[in-house]
Amino acid sequence: KKVENTGAEEAATPTATEAVTPAATEEATPEPTKEAETIQPVTIEYWHAMSGGPQDELTKLTDKFNAENGKGITVKLVNQGSYDDLSKKLMGSVAAKTLPDMAQVYDSWIINYLDAVVPLDDFVNSDFDNYDDIVESYRNESKEFGKIYTMPFNKSIQLYFYNKTEFDKLGLGAPKTWEDLKNIGKTIYDADKKPALGYDDLAAMFWQLVLQNGSEFIENGEVKFNNAQGIEALNFFLDMYKKGYARVAGEDKYMSGPFGNGDCMAYIGSSAGLSYIKTNGFELGVAPLPAGKAGAVPSAGTNLAMFAQDRNKQLAVWEYMKYLTSADATAEWSIATGYLPVRLSAFQSSAYQTYMKGSEAAQASYAQIDNQYFEGAYKGANEVRSLLSSEVEAAILNGETGEKAVPDIAAKVEAILKK
Amino acid sequence: MNVYLQQLTKKFANVTAVNKLTLHLEDKKLIGLLGPSGCGKSTTLFMLAGLLEPTEGKILFDEKDVTKVETEKRGIGLVFQNYALYPHMTVMENITFPLINLKVKKEEAKKRAMEMAELVQIGDLLKRRPKELSGGQQQRVAIARALVKQPGLLLLDEPLSNLDARLRIETREEIRRIQKEVGITTVFVTHDQEEALSISDKIAVLDKGVLLQYDTPQEVYKNPANEFVAKFLGTPAIVMTEGIVTEGRLVCQGVTLRENIGMENKRVRIGIRPEAFYRKDTGFEVPVQSVEMTGKDLSVYFHLGQERMRAIFFSDERITQGENLKLGIKTDQILLFDMDSGSSLGRV
Amino acid sequence: MNVYLQQLTKKFANVTAVNKLTLHLEDKKLIGLLGPSGCGKSTTLFMLAGLLEPTEGKILFDEKDVTKVETEKRGIGLVFQNYALYPHMTVMENITFPLINLKVKKEEAKKRAMEMAELVQIGDLLKRRPKELSGGQQQRVAIARALVKQPGLLLLDEPLSNLDARLRIETREEIRRIQKEVGITTVFVTHDQEEALSISDKIAVLDKGVLLQYDTPQEVYKNPANEFVAKFLGTPAIVMTEGIVTEGRLVCQGVTLRENIGMENKRVRIGIRPEAFYRKDTGFEVPVQSVEMTGKDLSVYFHLGQERMRAIFFSDERITQGENLKLGIKTDQILLFDMDSGSSLGRV
Amino acid sequence: MKGKKLIAEIFIYTALGLGAFLTLLPFYWMISSSLKDASEIVKMPPTFFPEVLHFDNYGKALKAAPFARYFFNSVMVTVISTVCTLVTTVLAAFAFSRLRFPGRNLIFSILLATLMIPGEMLIITNYVTITKLGLMDTRAALIVPWIANVFYIYLLKQFFMQMPDALYYAAKVDACSDWRYLLKIVVPNNRHAISTIGILNIISCWNAFLWPLIVTNSEEKRVLSIGLIQFQTEAGTNYELLMAASSILVLPMIIMYLVLRKQIVNGVIGSGIKG
Amino acid sequence: MKKNNYSGYLYILPACLVIAVFILYPLIKTIFMSFYMNYDFLNNTVTGFGMDNYQYLMQDRVFWRAFRNTLLYVVFVVPCSIMISLGIAVLLNSKIKFRGFFQTVFFLPYVTSIVAVGIVWSWIFHSKYGLVNGLLHLFGIQSVEWLNRPVTAMAALIIFSIWKSLAFNIIIFLAGLQNIQPIYYQAAKVDATPKGRVFLKITVPMLSPMILYAMVMGLISGFKVYDEVYALFGGKAGPADSAITLVYYIYNKFYSNWDFGVASAAAVFLFLLILVLTGFQLRI
Ligand SMILES: Nc1ncnc2c1ncn2[C@@H]1O[C@H](COP(=O)(O)OP(=O)(O)OP(=O)(O)O)[C@@H](O)[C@H]1O
Ligand SMILES: Nc1ncnc2c1ncn2[C@@H]1O[C@H](COP(=O)(O)OP(=O)(O)OP(=O)(O)O)[C@@H](O)[C@H]1O
Ligand SMILES: [Mg+2]
Ligand SMILES: [Mg+2]
């Protein structure tokens with residue numbers, strides 16, 4: 001998998017789609033508009049990479065915006081394929097200077113062309129309703145390069161998926177700690193000769209285990225995981241793997257396949273992958289990630305970036321961004337797609353609360369929202385990530401120990417960071 | 001090896017290329033298969049080689065019915081009309097190819113190939129590839145390749161057609177010599193009657209897939225079975241005209257050519273070969289229209305009544321245009337044919 | 001149109017295919033280009049056609065230097081040795097193709113093509129494609145295609161080689177007739193000396209790219225410029241032997257062939273054509289070794305001293321093996337050649 | 001003798017049969033997957049026959065994008081591009097095989113050298129070029145970069161070179177210009193080769209994905225293959241719909257192939273020439 | 001005939017124009033890019049020229065792994081594919097029953113979507129449920145985790161690629177076979193040539209231009225392999241990137257890592273590599 005897809009992003013419409021009635025919440029009162037510049041009717045182009053259910057929902061939201069914004073703003077959605085395709089297209093557009101007015105982006109992309117991205121600080125300061133309502137880790141991500149370059153959009157988080165039927169049978173519950181993971185692994189292995197832990201994303205696996213073990217991973221362009229905690233973290237999984245308690249996705253590509261098939265009893269993967277889990281005769285359990293010395297849950301998903309150079313268009317884009325990040329919209333979006341709302345208030349909205357009652361995944365997501373972290377973008381981030389994936393996988397496959405692998409990996413990562 | 005063709009027939013979609021051909025190719029004889037283009041010569045040969053399956057009829061090699069035997073097992077040599085040299089092999093490799101197939105040792109094969117190459121005068125081309133040879137040279141390689149394995153039956157499909165006249169004669173004499181030496185039954189396809197006459201022990205004349213005559217060259221030339229054969233053999237060609245037999249006299253264009261012939265009165269086709277004329281003081285007199293010298297021969301054109309005729313003399317004969325010539329026709333050299341069927345009525 | 005070849009030379013990588021050829025092809029004449037395989041005939045023709053660029057030398061059409069003129073603009077007709085028919089076109093389309101290129105109207109083109117097709121006897125094949133024709137039929141289509149546009153210069157590269165003997169003679173006479181009628185200068189390449197002798201106004205004999213003789217057929221035959229030409233022309237071939245001139249007498253193998261010849265004493269090569277022998281009671285006597293009949297001719301083999309010789313008679317001559325034959329040699333028909341250079345020393 | 005032949009035949013048919021099975025398998029897989037439901041499709045071991053035939057997948061797939069318009073665009077782009085490609089290819093192949101001009105071999109070598117560069121490197125530069133040419137989001141952008149193909153030129157040149165020189169000479173003598181020779185002799189005699197190249201081009205043009213996606217923005221300009229993006233995401237793939245859409249995409253090609261198979265296979269290399 | 005026919009330029013103009021703009025120009029740009037230092041893609045500025053990118057390549061283990069894998073790939077795929085497709089083409093060209101059917105089938109992959117093919121093959125190689133291991137079981141051989149182990153992943157990739165390249169080669173060979181005049185086989189028959197020898201001495205040499213052609217094309221596309229890797233391993237380069245190929249490397253460097261210089265240097269390296277190995281084979 002390419003680096004960008006840390007989090008998996010796309011989920012089909014949840015099975016039980018509720019007719020989302022945008023219940024008027026307390027926040028529905030429109031912002032008392034300041035002495036805002038007037039916006040001329042304009043069409044703005046928005047490049048995205050949403051398909052399937054999320055695309056339908058995005059279209060729905062956008063149609064609503066187009067119909068109701070009252071300022072003559074028309075948002076034109078352009079599907080640019082996968083994230084990879086979109087990334088390439090943006091790359092070309094940067095060079096050809098034909099960027100769209102706005103697009104879905106990862107920080108690891110825009111770090112290469114920050115000059116072309118319009119900082120949003122002024123807009124946020126002058127014309128945004130309660131920026132602090134945005135989930136903190138998302139705000140941090142947006143400000144990663146100093147200024148606010150993006151607004152969060154489709155956000156996902158990792159969850160612990162388990163075979164509830166089997167767990168119940170063996171008297172197991174969702175794990176809270178690493179120790180629990182080990183015990184579950186042993187119990188299940190003894191009973192079924194099957195593994196009970198897998199990760200969709202091995203780079204994320206290593207990263208989160210290191211954080212959970214109380215160390216930093218990479219900070220300010222420096223490697224921080226080359227220490228006892230790092231080694232211990234990797235050894236934790238390597239041990240599990242060697243004993244047959246854990247496995248990697250490997251040929252199955254996503255853990256959802258073998259998991260749904262009953263070949264693996266639990267795994268850790270993105271909330272966005274939920275709709276791809278087709279359980280084969282068992283009940284699905286979803287829980288927050290177990291914690292080590294600390295809680296650390298990787299979050300992922302793209303943000304919205306503004307490229308428009310024309311002031312009028314910028315204003316229009318901003319209107320649209322405000323709309324998409326509004327409590328109503330983000331709640332509706334999340335309910336429809338399984339992504340997480342980007343506002344705390346959206347979590348509290350009655351619609352979302354109703355939804356959450358019926359969704360173990362949403363509960364689990366919400367439960368760990370404060371433990372979220374994002375990996376951060378820096379020069380070479382993608383390379384580091386693909387290196388991590390393949391090195392960790394190599395360590396697993398070659399039966400190495402953390403003592404040997406971690407310094408090795410650290411050295412290679414350092415080399416990239418130094419470049 | 002005696003080869004028997006029995007009622008051999010080959011039909012293509014809409015052509016009967018060979019039609020009920022029965023023929024005995026005698027052991028150690030060289031048989032010429034002669035006929036105009038498209039008469040079925042190649043087809044016959046290919047059936048002998050086993051490359052075409054007869055529609056009907058049988059082929060026997062001695063007593064053995066080989067009609068269904070595969071080519072590889074027939075032990076024959078074949079020279080194709082269009083060479084069929086292996087373009088990627090050198091001349092040497094082409095010639096040794098059949099030998100090596102027969103598990104002849106490399107050195108031995110090379111030796112025999114060299115001999116063969118010398119024979120057809122391509123000894124200095126052994127390293128070239130077919131593409132680098134002129135047409136004639138290619139044909140010679142093909143001959144060498146067919147002969148080198150000393151096959152039991154040798155089939156030659158117009159093997160000399162691309163050789164120049166000189167080499168053609170030499171090569172055909174070489175083929176003849178080798179054929180006699182090795183003593184293999186050989187079928188030699190040609191549309192060149194002279195070639196057929198000169199090297200064949202027997203000639204089979206075909207037309208439209210039908211056998212017209214099968215006999216020694218002399219016989220075929222002197223006693224053609226029908227008009228077609230008469231016309232096809234001999235160069236310059238026989239002159240055909242019409243005449244009438246009345247009371248034992250053969251009259252043509254008002255001139256009495258023969259008397260006292262034992263034949264009832266009827267109209268007949270008359271064939272006179274150019275060389276049958278000779279100067280005869282008591283003969284009929286004709287004015288010479290034109291004279292043409294081709295090497296050793298002198299063609300003299302004249303009219304007998306309406307009919308344009310040609311007589312041939314050695315080129316040292318002094319005959320000039322306009323001159324009056326007194327001619328006779330040599331005994332037994334007037335050929336008579338039936339007006340309708342064209343079949344021979346004998347010679348007078 | 002008069003065509004002049006001046007010092008025409010063509011070198012390929014390692015062969016000089018044509019070497020300083022100077023030749024005047026006279027207007028309205030049919031010139032035979034004769035020589036053994038590989039002597040450069042096709043190469044010469046291709047240079048005339050503009051398909052090969054000469055390495056050196058010039059070609060003039062009348063006064064115009066066409067050495068660098070493109071083929072399309074030379075206004076020539078060409079029949080290829082290997083047909084070169086357009087495989088995807090019917091016979092009719094093949095024949096009309098040059099006319100249509102020349103913007104002749106379709107109907108007119110068709111009419112002319114039909115006439116041409118009749119001429120070469122393929123009138124009933126007009127709808128077929130080349131693949132569906134026998135070799136001979138293909139060649140005839142090619143001839144029709146070259147002739148149909150009545151070119152200014154007609155080039156024929158062994159146009160008859162795939163025709164059967166009968167048709168070959170007919171077609172060559174047709175070519176001759178048309179050539180005379182249309183009155184175009186024609187070059188006719190052949191390795192068949194008989195063909196060359198019979199239809200050419202003049203013959204150019206080539207060997208290894210060098211012009212050996214250029215003269216009328218009679219001259220070339222009777223007065224060959226050198227031994228090669230003498231050997232190349234005439235069938236059956238001339239017999240070459242050696243002799244000595246002593247005191248005006250030409251002696252060969254102990255037999256005095258001529259007396260009173262005005263030549264200093266020396267060894268010479270002697271050439272005697274088979275037809276030069278005649279029965280002469282006062283001649284030398286030889287025993288007949290073997291007799292061979294090929295159509296109208298009778299070949300008689302005998303030894304003159306060590307030398308095997310052949311005499312030729314009409315086949316009605318009664319000569320049998322073993323018989324003693326008294327022979328003379330016709331006047332002026334003994335050809336003498338220089339021992340070293342092989343060039344002619346005249347006839348006696 | 002008979003036995004040997006039988007063994008040989010068994011071997012031949014087994015080999016061919018196995019090969020055919022392996023070849024057909026992906027097709028079968030595509031179609032059978034397109035008829036499964038979402039949970040069956042990820043089942044292990046896979047089911048060979050769909051438990052229930054879900055023809056509604058096709059309906060769903062078709063609804064996911066404006067396939068009718070895409071289809072029309074695909075046909076148009078493919079046809080125009082193929083015609084143009086054939087024209088440039090035939091012209092160039094003819095010149096390189098028959099006409100002599102200074103630098104011919106050098107130019108051809110340079111062209112051949114371009115075969116060695118991975119196409120992935122070209123995309124961004126060409127994207128910029130297309131933008132600069134003002135062709136962004138036009139059908140021309142889908143067509144123009146692909147109407148000359150070195151590989152096809154090379155292929156066709158090989159075919160053209162097999163034509164005997166004598167044919168060209170004959171045409172010259174028949175006062176036929178190079179242009180007419182190309183039209184009247186070369187093209188008809190190589191029609192199999194040319195149509196084969198046309199078919200190769202149609203297939204690659206039809207299936208092209210990344211480039212059409214990158215140079216178009218509007219639905220009106222997009223082509224069928226882009227429809228497939230609807231079913232693939234980073235977190236997973238809706239295989240059943242993807243397979244249904246793939247089947248729809250591939251179907252016209254298969255039909256074309258089946259119809260023209262004889263054309264393609266029989267005597268690809270103008271076998272009539274040598275006759 | 002004129003020695004030079006300048007109208008030739010007109011004939012090649014359309015093709016050359018397009019190729020110059022859309023292939024040659026990017027190629028040249030790539031070559032330049034490979035020597036840029038600190039290339040700013042956005043603004044198209046460089047601080048200088050140098051061999052840095054090449055130096056980086058030379059010490060990058062992943063690059064060498066990609067290089068080694070690519071060589072390995074080519075060395076196995078090209079000859080195997082040619083031999084197998086030659087065999088199939090000969091069989092298809094012989095007098096067999098259902099010939100039309102088989103011909104149709106063997107050409108079909110040409111129109112298949114790579115997605116479907118990749119998915120099916122990754123299933124065929126599945127360690128637990130795959131066809132290959134199923135067959136191995138029949139012969140009592142233990143399961144192989146084809147796609148999960150670095151060594152076998154490469155093997156699986158090679159097998160898959162051989163399969164995938166067959167159709168094209170079969171087309172080429174069949175066309176070549178049909179162009180061999182039957183007269184040569186007749187001559188070989190007359191010369192009593194054993195079947196094997198006919199194949200080796202007549203068929204193969206007569207097909208040699210086609211074989212050379214298939215080889216060169218195979219080499220070129222083999223060195224540029226990317227799609228097959230992507231399709232078989234579902235978007236990665238095998239377990240722990242063990243099956244990474246040069247183009248995969250280039251692609252990653254270019255599109256994921258924004259390392260245009262290194263990507264270009266690798267592309268130039270690949271370009272020269274192919275050129276040296278095949279360029280001289282393509283007879284002009
Ligand atoms: N494969 C074929 N299909 C259909 N007709 C054929 C085939 N081969 C030969 N013929 C026809 O059969 C007849 C005899 O052909 P064949 O090749 O035996 O003639 P030929 O005597 O060898 O002539 P040539 O002297 O021109 O070589 C001809 O009319 C020819 O057109
Ligand atoms: N393209 C070529 N390259 C090299 N040598 C050639 C080429 N064409 C002809 N030759 C050589 O030039 C010489 C003359 O060839 P040319 O074709 O003119 O002979 P020819 O008299 O027509 O013979 P044939 O009667 O066999 O057709 C031969 O030795 C031949 O090998
Ligand atoms: Mg024949
Ligand atoms: Mg010649």
Side-chain angles (χ1 to χ4, degrees), chain A residues 1-2 4-12 45 47 49-56 76-86 88-89 91-98 100 156 200 252-254 256-263 269-280 300 338, chain D residues 36-47 60-61 63-66 120-137 141 209-222 225-242 245:
Chain A
K1 292 249 62 163
K2 289 272 147 28
E4 296 86 2
N5 24 314
T6 326
E9 302 22 54
E10 167 165 352
E45 202 167 290
W47 290 1
M50 298 282 93
S51 52
Q55 179 173 6
D56 295 343
K76 188 180 160 215
L77 294 175
V78 182
N79 184 333
Q80 299 294 14
S82 66
Y83 286 127
D84 263 359
D85 301 330
L86 175 59
K88 261 175 243 155
K89 184 139 180 175
M91 185 189 273
S93 301
V94 170
K97 313 225 178 308
T98 54
S156 60
D200 261 351
D252 293 304
K253 285 152 209 163
Y254 299 100
S256 57
F259 173 72
N261 218 24
D263 285 338
S270 165
S271 59
L274 182 64
S275 66
Y276 293 97
I277 300 174
K278 309 287 179 198
T279 59
N280 191 5
Chain D
K36 293 178 179 173
D37 71 15
S39 58
E40 187 183 353
I41 208 160
V42 290
K43 218 181 207 171
M44 281 289 173
T47 47
K60 279 188 210 157
K63 259 189 243 139
E120 285 78 5
M121 287 300 295
L122 309 176
I123 292 170
I124 294 299
T125 313
N126 284 345
Y127 179 89
V128 177
T129 305
I130 283 289
T131 309
K132 287 195 178 135
L133 292 175
L135 294 179
M136 202 59 198
D137 201 24
F209 167 71
L210 186 55
W211 181 256
L213 175 68
I214 282 192
V215 296
T216 57
N217 288 327
S218 48
E219 301 270 274
E220 298 81 57
K221 305 286 159 45
R222 291 194 155 173
S225 58
I226 298 181
L228 297 187
I229 63 177
Q230 298 301 328
F231 315 108
Q232 272 172 299
T233 71
E234 305 285 318
T237 301
N238 279 316
Y239 286 111
E240 72 284 4
L241 299 186
L242 177 66

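Numbered from 1 within each chain, the chains take letters A, B, ... in sequence-line order. These numbers come from the heavy atoms of this one structure, side chains and all, not from hydrogens, waters or symmetry mates.
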Legend entry - Distance in Å, D:Ile123 CD1 paired with D:Ile130 CD1, rounded so as to fall on 0.5 Å steps: 12.5 Å
Inset, instruction - Determine the option with the most heavy-atom pairs under 4.5 angstrom with chain A, choosing from D:Ile226, D:Thr216, D:Leu241. - result: D:Thr216
Legend entry - chain A contact via D:Ile214 - which portion, at a heavy-atom distance below 4.5 Å: both
Legend entry - Under 3.5 Å: donor-acceptor pair, side chain of A:Asp252, backbone of A:Tyr254: no
Inset, instruction - Indicate the atoms forming the closest heavy-atom contact of A:Lys89 with D:Leu213, along with that distance. - result: NZ-O, 3.4 Å
Legend entry - Structural part of D:Thr125 lying under 4.5 Å from a heavy atom of chain A: neither
Legend entry - Nearest-0.5 Å distance, NZ of residue A:Lys76 to CH2 of residue A:Trp47: 10.0 Å
Inset, instruction - Check each atom of A:Thr279 against the heavy atoms of chain D and say whether the ones under 4.5 Å are side chain, backbone, both or neither. - result: neither
Inset, instruction - Ignoring hydrogens and angles, tell me if any N or O in the side chain of D:Asn217 forms a donor-acceptor pair with the backbone of D:Asp137 under 3.5 Å. - result: no
Inset, instruction - Tell me, for D:Leu210 versus chain A, whether the close heavy atoms (under 4.5 Å) come from the side chain, the backbone, both or neither. - result: side chain
